[in-house]
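Quick note: numbers below take in every heavy atom, side chains included, and nothing from hydrogens, waters or symmetry partners. Start at 1 with the first residue, then count along the sequence.
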Amino acid sequence: MPHTDEPSLRAAADDWGHLVHHRPRAVARPSTEEEVVAVLADAERRGLPFAVRGQGHNTTGAAQCGGGLVVETGGLRAVHHLGADSVTVDAGIRWSDLLRATLPHGLAPPVLTDYLELSVGGTLSVGGIGGATHRHGLQTDNVLSLRVRTPGGEVRDCSAEQDAELFDAVRAGHGRHGLILRATLRLVPAPRRVRHVQHAYTDLAEFLADQRELVASGEYDHVEGMAVPGEDGTSWQYLLDTAVRAPEGEDYFEFLDAMAPQEARLRASGAWSHPHPWTNTFLPDSAADEVITETTTALSPDDVGAADGGLVLLYPFPTSVVATPGVRMPAEPVAFLFALLRTAPADDPAALARMLDGNRRLRERVLAAGGTPYLEP
């Protein structure tokens, strides 16, 4: 039965961005593939528009549906098969729960995003980048097969060998070519522990050069970089985040789930529910130093809401590891993820407007430099 109570409708008219609000007529919470298919078929028969929502981590209202039906997939969270090198799961399962199923067997997906409380179907619909991307590509590059409900109402299994056109269209397809119901993912041997080290820099050029060198060496399992406030609170320092499997060190799941303590702090402070005007881009290596320097020079920690969890992500990877057709890459051997993950004040429309305008200008600068947007259809 669709839910029409006020809390359900209010929650479905919001997302992680807290920027767009489209109130639906009803919310459905199916718990099986068959129920999802039936709910969508019924909506189509009635001419009712619908949107599918995983964990609602979008920032642009893509999982909202004004006057229509929002179909939440969080009830689809079963692990159907766990093998020696693959796992088959429902699209609604969170990556954290998938890891809890695979790690006791010494296995894990090759690539994980920094935040594990996203749904498998949600990230496979956009790409999925993380610290192991320089070795293994995106999460969408590590999918073996999918079960999809197409816009025409069919349920089809697809892979690189079977129905490859649908397989390529759905991965990072933002739901335009079908709804992912189930996914079979590649697994690799997982370490029990990793040696995790952060190196701090004040010189941006040195930081970027060392990132390139480490990625090219292939010596590390995990390489990421970020800009965070310096000791004076007004300038930037740059953190090179590395990890490699080791007999002693940090527990692997705790390393992967490093966002959990930060989430708890931000929820306690209320900042978790502030607006998040994010922008994510891929820069060609040849333009990275210039664009990143220009942007960070003009940007203060307050401009990304650093006190409330905002930060800048910037790290390189070889574009050859990304084979997902739906993800646009710069036409160079190396690209940088350059993302402004802003947190806006709760009640300051002028500050939010400045952040959104800054995002627009960065996007234009990146495109002019031969870069591409990430997380956009």
Provide the closest heavy-atom pair for Ser8 versus Val27 in the form atom of the first, atom of the second, distance. O-CG2, 3.7 Å
Determine whether more than 12 heavy atoms belonging to other residues, nucleotides or ligands lie under 6.0 Å from atom CZ of Arg365. yes
Take atom CZ of Arg23 as the centre, draw a 6.0 Å sphere, and report whether it contains more than 12 heavy atoms from other residues, nucleotides or ligands. yes
Before giving the answer on salt bridge (charged side-chain N to carboxylate O under 4.0 Å, His left out), spell out for Arg46 and Asp42 the whole-Å C-alpha distance, their side-chain angles and the decisive distance to 0.1 Å. CA-CA 6 Å; Arg46 296 163 54 195; Asp42 181 65; 3.2 Å; yes
Quick one, Asp285 with Arg212, criterion salt bridge (charged side-chain N to carboxylate O under 4.0 Å, His left out). Give me CA distance, side-chain angles, the key distance, then yes/no. CA-CA 9 Å; Asp285 187 35; Arg212 291 184 179 98; 2.6 Å; yes
Heavy-atom neighbours of Glu231 CD exceed 12 at 6.0 Å: no
State whether the number of non-hydrogen atoms from other residues, nucleotides or ligands found under 6.0 Å of Glu248 atom CD is greater than 12. no
Under 3.5 Å, is there a donor-acceptor pair linking the side chains of Asp302 and Ser300? no
Heavy atoms of other groups near Arg192 CZ, more than 12 under 6.0 Å: no
Look at the aromatic rings of Trp16 and His18 and report parallel, tilted or perpendicular, splitting at 30° and 60°. tilted
Glu213 atom CD, neighbour heavy-atom count above 12 within 6.0 Å: no
State whether the number of non-hydrogen atoms from other residues, nucleotides or ligands found under 6.0 Å of Asp232 atom CG is greater than 12. yes
May I have the step-by-step check of ring pair (Phe, Tyr, Trp, His ring centres under 6.0 Å) for His222 and Phe255, ending in yes or no? CA-CA 11 Å; His222 172 99; Phe255 165 71; 5.0 Å; yes
What closest approach, in Å, do Asp210 and Tyr201 show between heavy atoms, and which atom pair accounts for it? OD2-OH, 2.6 Å
